[in-house]
Number of protein chains: 2
Amino acid sequence: MTKRTYSISELSEEFGITLRTLRYYEDEALIAPKREGQARIYSTSDRARLIWILRGKRVGFSITDIREVLNMHYGKGGKEEQCRVTISACNKRIKNLEQQKKDIDETLEELSSLVDTMTIFMAENYPAANSI
Amino acid sequence: MTKRTYSISELSEEFGITLRTLRYYEDEALIAPKREGQARIYSTSDRARLIWILRGKRVGFSITDIREVLNMHYGKGGKEEQCRVTISACNKRIKNLEQQKKDIDETLEELSSLVDTMTIFMAENYPAANSI
DNA sequence: GTTGACCCTTACGTAAAGGTCAACTAAAAA
DNA sequence: TTTTTAGTTGACCTTTACGTAAGGGTCAAC
């Protein structure tokens, strides 16, 4: 068995985030590590949540968004109406993310065509330069 | 020929953003519409910049990022060192966006598997419900 | 018996991206 | 001529996502 718990600074180091950030996420009810006295003890499932949080952030989710999605995971199997709401919330997010992918593709195209243009320009005007 | 200029409220309406936002972008040197007296007159190229800005925002660029990229477009064909810097900045952004696409794909998978799970759960527990 | 490594909380600070509100101007409509 | 209408600036307000002290606890090591 690999290690089952993590201290705050272990997670902080592993993911390159500050202690403050981890505590902040707890304040915002995104993670709820056990305590040993006052000290936070993170489980592997806390760590999994953290991975979700960080990926959520990278795709532009707000703290509130992330909390909502995490709660969905936990809340699954509730009342009918609640399920329905969750599903439609998911679908909304999915649509957003798909739009975002399109936006990214368009941006990528523009950026690489800009790079192309400039590379050609460089080759014409500063041919002597080493091309590393 | 289609219309060549736009008022602030035309653009505001077309893109669903507020006047404040358009003025803010000008304050932040992202757009620089001509003036007719005091009133802002946006050209088609201002509008094109705006489209870039809004898409940039959707992919998570900050105002500062967007300004940088817009300046790249304008600055192309400058001094050698400047070109080099621009190209490497572009490449950096490209890498980021590619990572972001991966993150989005992962998130999409998790979200749709969540939807699947819940849909099955619904079908099992509340089969009577109409499935619209 | 103090030093150092970690840990804690409380609380004010801050940058980004606008919102909101007041007071003003200029042109157009009534 | 008065009143809309569309636009302007400037000032302050707000939220988000943390940063940054300030002050203190614990426990092993020297």
Side-chain angles (χ1 to χ4, degrees), chain A residues 3-43 46-47 49-71 93 96 100 103, chain B residues 3-43 46-47 49-71 93 96 100 103:
Chain A
K3 207 182 178 195
R4 290 273 161 222
T5 68
Y6 308 84
S7 76
I8 190 167
S9 48
E10 278 175 315
L11 287 187
S12 149
E13 234 179 282
E14 177 175 1
F15 295 104
I17 58 184
T18 66
L19 306 182
R20 172 66 171 113
T21 299
L22 279 158
R23 294 185 188 124
Y24 175 67
Y25 292 160
E26 187 175 351
D27 272 6
E28 294 296 318
L30 301 186
I31 321 186
K34 298 268 150 51
R35 297 292 183 124
E36 219 171 77
Q38 283 201 306
R40 293 164 173 84
I41 308 286
Y42 295 85
S43 67
D46 290 327
R47 186 170 165 281
R49 285 177 80 97
L50 182 56
I51 291 174
W52 225 109
I53 293 167
L54 296 176
R55 192 179 51 225
K57 282 205 53 190
R58 288 197 302 273
V59 307
F61 284 10
S62 73
I63 299 294
T64 312
D65 294 336
I66 293 169
R67 180 169 41 227
E68 193 192 321
V69 176
L70 287 174
N71 289 344
R93 290 195 185 292
N96 271 331
Q100 214 177 320
D103 287 329
Chain B
K3 206 182 179 194
R4 291 274 159 220
T5 68
Y6 309 82
S7 76
I8 191 166
S9 48
E10 278 176 315
L11 287 187
S12 151
E13 235 180 280
E14 177 174 1
F15 294 104
I17 57 183
T18 66
L19 306 183
R20 172 66 169 109
T21 299
L22 279 158
R23 293 183 191 125
Y24 175 66
Y25 291 161
E26 186 175 349
D27 271 7
E28 294 297 317
L30 302 185
I31 322 185
K34 296 271 149 53
R35 298 294 183 121
E36 219 170 77
Q38 284 201 305
R40 293 163 173 84
I41 307 287
Y42 295 85
S43 67
D46 290 327
R47 186 169 166 283
R49 286 178 79 97
L50 182 57
I51 290 174
W52 225 110
I53 294 167
L54 297 177
R55 191 179 52 221
K57 282 205 54 190
R58 287 197 303 272
V59 306
F61 283 11
S62 72
I63 297 295
T64 312
D65 294 336
I66 293 170
R67 180 169 40 228
E68 194 193 320
V69 177
L70 287 174
N71 288 344
R93 290 196 185 289
N96 271 331
Q100 215 176 320
D103 287 328

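Side-chain atoms are counted along with the backbone in the values below, which use heavy atoms only and exclude waters and symmetry mates. First the proteins, then the strands, lettered A, B, ... as listed; each starts at 1.
- For B:A39, the listed nucleotide lying nearest its side chain is D:dG7; candidates were C:dC7, C:dA16, D:dG7.
- Rounded to whole Å, the distance from CG on A:D65 to C1' on D:dT15 is 14 Å.
- Across all strands shown, C:dT25 forms a Watson-Crick or G-U wobble pair with D:dA6, both key distances being under 3.5 Å.
- Closest of all the heavy-atom pairs between B:P33 and B:I41 is CB-O, 3.4 Å.
- The side-chain tip of A:R49 does not point at the ring of A:Y42 from less than 6.0 angstrom away and within 45° of straight on.
- For the OP1/OP2 pair of D:dA17 and a distance below 4.0 Å, the side-chain nitrogens and oxygens of A:Y25 include no atom meeting the criterion.
- Of the side-chain N and O atoms in B:R40, one or more sit less than 4.0 angstrom from OP1 or OP2 of D:dT9.
- Proximity note for B:R35 (side chain, C-beta onward) versus D:dT8, D:dA6, C:dC8: the nearest is D:dT8.
- If you take CG of A:L54 and P of D:dA17, they are 13 Å apart, rounded to a whole angstrom.
- Annotation: of the two residues near DNA chain C, B:S62 and A:Q38, the 5′-most nearest-nucleotide partner is A:Q38.
- The A:Y24 side chain lies nearest to D:dC18 when the options are C:dA16, D:dC18, C:dC8.
- Among the heavy atoms of the strands, none lies under 4.0 Å from A:L19.
- Closest to the A:T18 side chain, of the nucleotides C:dC6, D:dA6, D:dG19, is D:dG19.
- Rounded to an integer number of Å, the gap from A:I8 CD1 to D:dG25 P is 19 Å.
- Side-chain contact between B:D46 and B:L11 is absent, with no heavy-atom pair separated by less than 4.5 Å.
- Not one side-chain nitrogen or oxygen of B:T21 sits closer than 4.0 Å to the OP1 or OP2 atom of C:dA17.
- B:R23 comes within 4.0 angstrom of a base, heavy atoms only.
- Separating the CZ atom of B:F61 from the P atom of C:dA16 is a distance of 17 Å, rounded to the nearest angstrom.
- Checked against C:dC7, C:dG18, C:dT9, the side chain of B:R20 finds its nearest nucleotide in C:dG18.
- Proximity of B:K57 to the phosphate of C:dA17: no side-chain N or O atom is located under 4.0 Å from OP1 or OP2.
- Using a 4.5 Å heavy-atom threshold, the side chains of A:I63 and A:Y24 count as touching.
- No side-chain heavy atom of A:F61 sits under 4.5 Å from any side-chain heavy atom of A:E68.
- Among the nucleotides C:dA16, C:dC7, D:dC18, the one closest to any side-chain atom of A:S7 is C:dC7.
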